[in-house]
Amino acid sequence: MLIEILKSILFGIVEGITEWLPISSTGHMILLDEFVKLNMSDAFIEMFLVVIQLGAILAVVLIFWKRIWPFSKNAPYYIKPDKLSMWLKIFVACVPAAVVGILFDDYLNALFYNYQTVAVMLIVFGVLFIIIENRNKHRRPQITSIAEITYPAAIAIGVFQLIAAVFPGTSRSGATIVGGILIGMSRTVAAEFTFFLAIPVMAGASLLKIAKFGLAFTGVEIAVLLVGMLVAFITSVFVIKLLMDYIKRHDFKIFGWYRIVLGIAVLAYFMILA
């Protein structure tokens, strides 16, 4: 059991780091699973790799609580209008990925959840990050606050999120940040909207996986899952704060280069093994 707990700690650290950086948490988790195998059933591992994200979600809730909590004793009808508008846009952005996920989750997992897809999408979106950042180098963002995001813009972000939901290695945060910058958002707004969008998306995906797995957990499975989520939460708190400070002074090109190098390394590694 101790070995499995130590493995879950490693998975939690990787999840907490890669969930918020635009380098693909799913891709890294799939790759980590190639080298650090949990001694659990395939069904549990599939569920674990998704549900561990709940720990990362709690970090967003903790850090941005005042920004996302929509209720107030002083607001009309006890709801803050600006927060209600933000959440409506978030749910609109969730629709494309939610519909496809519910209808085709198992099919997409079987078809695309492999190292080839991860490596290719790491490279493709790495190149996109560099191109888009170079293109926008001297452009001023048109959307500089969450309140300025329109419903068409939210739908556009939802389409980019759908790409990430279909192709592991894309990075949900990477895809939505790229989409946000393309439609004129500042890096800070694109990152914040990505964080907020993660809350219903990850919660929904986790509940779906738990429902499919069932509630018949063993004691070891519960321990492994809870430890992974706790470590993901603690790691995410630090990573989110570091990322928000970083993007105030830097662009995302370093993540693009990282993705390209990692994607090439993954393809080379598995080609050598083959």
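All values reported here derive from a predicted model rather than from experimental measurement. Residue numbers count from 1 along this sequence. All values below come from the heavy atoms of this structure, side chains included, with hydrogens, waters and symmetry mates left out.
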key: Partner of Ser25 by side-chain contact (heavy atoms from CB on, under 4.5 Å), out of Ile52, Leu49, Thr18   = Thr18
query = Per the side-chain contact (heavy atoms from CB on, under 4.5 Å) rule, which among Leu54, Ile210, Val220, Val51 passes with Leu225?
reply = Val51
ask   = Parallel under 30°, tilted from 30 to 60°, perpendicular over 60°: which one fits the rings of Phe44 and Phe213?
value = perpendicular
message = Would you call the rings of Phe255 and Phe252 parallel, tilted or perpendicular, taking 30° and 60° as the class edges?
response = tilted
Strictly distance-based, threshold 3.5 Å: is any side-chain N or O of [X] a donor or acceptor partner for the main-chain N or O of [Y]?
{"X": "Asp33", "Y": "Met29", "result": "no"}
{"X": "Arg259", "Y": "Thr170", "result": "yes"}
{"X": "Glu4", "Y": "Asn39", "result": "yes"}
{"X": "Ser85", "Y": "Pro81", "result": "no"}

ask   = Are the aromatic ring centres of Phe167 and Phe112 under 6.0 angstrom apart?
value = yes
task = Would you please indicate yes or no on a ring centroid separation below 6.0 angstrom for Tyr115 and Tyr269?
result = no
Mind listing the closest non-hydrogen atom pair of [X] and [Y] along with its distance?
{"X": "Ser236", "Y": "Gly16", "value": "OG-CA, 3.4 Å"}
{"X": "Thr144", "Y": "Ser186", "value": "CA-OG, 4.2 Å"}
{"X": "Ala191", "Y": "Met244", "value": "CB-SD, 4.2 Å"}
{"X": "Ile260", "Y": "Ile130", "value": "CD1-CD1, 3.7 Å"}
{"X": "Ile183", "Y": "Gln142", "value": "O-OE1, 4.3 Å"}
{"X": "Leu21", "Y": "Ser173", "value": "O-OG, 3.3 Å"}

For the hydrophobic clusters of this structure (ILVMFWY residues joined by side-chain heavy atoms under 4.5 Å, transitively), does one cluster hold both [X] and [Y]?
{"X": "Ile90", "Y": "Leu84", "result": "yes"}
{"X": "Val50", "Y": "Leu32", "result": "no"}
{"X": "Val189", "Y": "Trp20", "result": "yes"}
{"X": "Val100", "Y": "Ile155", "result": "yes"}
{"X": "Met47", "Y": "Val227", "result": "yes"}

Side chains of [X] and [Y] in contact at under 4.5 Å (non-hydrogen atoms):
{"X": "Arg187", "Y": "Ile177", "result": "no"}
{"X": "Ile68", "Y": "Ile199", "result": "yes"}
{"X": "Ser24", "Y": "Met121", "result": "no"}
{"X": "Leu10", "Y": "Val36", "result": "yes"}
{"X": "Met185", "Y": "Glu148", "result": "no"}
{"X": "Glu15", "Y": "Thr235", "result": "no"}
{"X": "Lys89", "Y": "Ile157", "result": "no"}
{"X": "Lys212", "Y": "Glu46", "result": "no"}

key: Single hit among Phe91, Phe64, Trp87, Trp69 for ring-ring contact (aromatic ring centres under 6.0 Å, His included) with Phe196   = Phe64
Surrounding [atom1] of [X] (heavy atoms of other residues, nucleotides or ligands, distance under 6.0 Å), is the total greater than 12?
{"X": "Phe35", "atom1": "CZ", "result": "yes"}
{"X": "Leu6", "atom1": "CG", "result": "yes"}
{"X": "Phe238", "atom1": "CZ", "result": "no"}
{"X": "Lys37", "atom1": "NZ", "result": "yes"}
{"X": "Asp42", "atom1": "CG", "result": "no"}

Nearest 0.5 Å please: distance from the [atom1] atom of [X] over to the [atom2] atom of [Y].
{"X": "Arg172", "Y": "Thr194", "atom1": "CZ", "atom2": "OG1", "value": "6.0 Å"}
{"X": "Leu62", "Y": "Leu58", "atom1": "CG", "atom2": "CG", "value": "8.5 Å"}
{"X": "Leu182", "Y": "Asn136", "atom1": "CG", "atom2": "CG", "value": "7.0 Å"}

message = Whether Lys253 engages the ring of Phe129 as a cation-pi pair (distance to the six-membered ring centre under 6.0 angstrom, angle to the ring normal within 45°) should be assessed.
response = no
inquiry  = When you compare the side chains of Thr117 and Asn114, does any donor N or O come within less than 3.5 Å of an acceptor on the partner?
reply    = yes
